[in-house]
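Below you'll find the structure, written out as structure tokens, and then a few comments.
One-based numbering, in listed order, for ligands and for the atoms of each. The analysis underlying the following values was restricted to heavy atoms, covering all of them including side chains, and did not include hydrogens, waters or symmetry mates.
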Amino acid sequence: MKRNIPALLLVLAAAAPAAHAQKTDGDLDATQLHGRQVFAQSCGICHLAPSLGAKTYGPPLNKASAAGNDEVMRAIIVNGTERMPAFKYYLKPADIDAIIAYVRSVPAQVVRAANESKGESR
Ligand code: HEC
């Protein structure tokens, strides 16, 4: 379970378009569950590895991302970067808040292990 979180997220995202806010699995609250769903849909293509050890286009995201600063993370999501699209016209502020709440629930070391082959240290 612990080692397989990115793959699990993909499975959950594919299986559960209607599952948000109804059940609480793990320690995620309704907002975080919604954020996980939006994240898998909008960000997973670049930020979730299809399998362990696979490279992703963007860095893995977890509680340490964007220097652990929610406002920095929000700015990145809203405005994008050179290599990442902006989401300000695509996601509602509440969706972005939910994504941040979800990403902050992801422990840093789980994703780091999955991304070792890429040489990321985040
Ligand atoms: C097209 C691929 C792509 C998509 C889609 C994408 N990102 Fe990114 N993201 C990147 C890349 C690449 C970076 C690395 C920053 C850079 O090089 O500009 C990044 C960086 C980030 C960072 C900064 C990480 C850090 O610690 O510095 C955050 C936060 C982030 N993305 C969040 C998101 C969220 C949330 C979504 C969905 C709403 C998303 N991204 C969708 C490619 C993507």
- Note on the structure: Per-atom filter on ligand 1: closer than 4.0 angstrom to a heavy atom of I99 are 35 (C), 38 (C)

- Item | N, O or S atom of T81 closer to atom 8 (Fe) of ligand 1 than 2.8 Å | no

- Query: Going by the atom numbers of ligand 1, which of them fall below 4.0 Å from some non-hydrogen atom of L91?
  - Reply: 38 (C)

- Task: Please work out whether any backbone atom (N, CA, C, O) or any side-chain heavy atom from C-beta onward of V103 is under 4.0 Å from ligand 1, and answer side chain, backbone, both or neither.
- Result: neither

- Below 2.8 Å, any N, O or S contact between H47 and atom 8 (Fe) of ligand 1? yes

- Item | Close N or O approach (R83, ligand 1; < 3.5 Å) | yes

- Message: With heavy-atom distances below 4.5 Å as the criterion, would you say the side chains of V78 and I96 are in contact?
- Response: yes

- same_hphob_cluster(I77, I45) at 4.5 Å side-chain heavy-atom cutoff: no

- Message: So which atom in H47 and which in P59 form the shortest heavy-atom distance, rounded to 0.1 Å?
- Response: ND1-O, 2.6 Å

- Ligand-residue contact atoms, ligand 1 with G58, heavy atoms, under 4.0 Å: 10 (C), 11 (C), 12 (C)

- From the candidates P59, G44, C46, the one that places a heavy atom nearest atom 4 (C) of ligand 1: C46

- Side-chain touch V106/K63, heavy atoms, less than 4.5 angstrom: no

- Within residues 66-82 or reaching into it, pairs that qualify as side chain to side chain donor-acceptor pair (under 3.5 Å) - sequence neighbours excluded: D70-R104, E71-R74, R74-D97

- Item | pair R83-Y57: side-chain heavy atoms closer than 4.5 Å | yes

- Message: I'd like to check which ligand 1 atoms, numbered from 1 as shown, lie under 4.0 Å from a non-hydrogen atom of P85.
- Response: 1 (C), 3 (C), 4 (C)

- Message: Show me which atoms of ligand 1 lie under 4.0 Å from any heavy atom of S65.
- Response: 26 (O)

- Message: Going by salt bridge (charged side-chain N to carboxylate O under 4.0 Å, His left out), name the pairs with one or both residues in residues 85-96, residues two or more places apart or in two chains.
- Response: none

- Which of the numbered atoms in ligand 1 are below 4.0 angstrom from a heavy atom of A66? 25 (C), 26 (O), 27 (O)

- Per-atom contacts, ligand 1 versus M73 - under 4.0 Å to a heavy atom: 29 (C)

- Contact region, Y57 to ligand 1, non-hydrogen atoms below 4.0 Å, reads both

- Within the distance-only criterion (no hydrogens, no angle test), does the side chain of S42 pair as donor or acceptor with the backbone N or O of F39 below 3.5 angstrom? no

- Flag the pair L28 / S105 as yes when at least one side-chain heavy-atom distance between them is below 4.5 Å, and no otherwise. yes

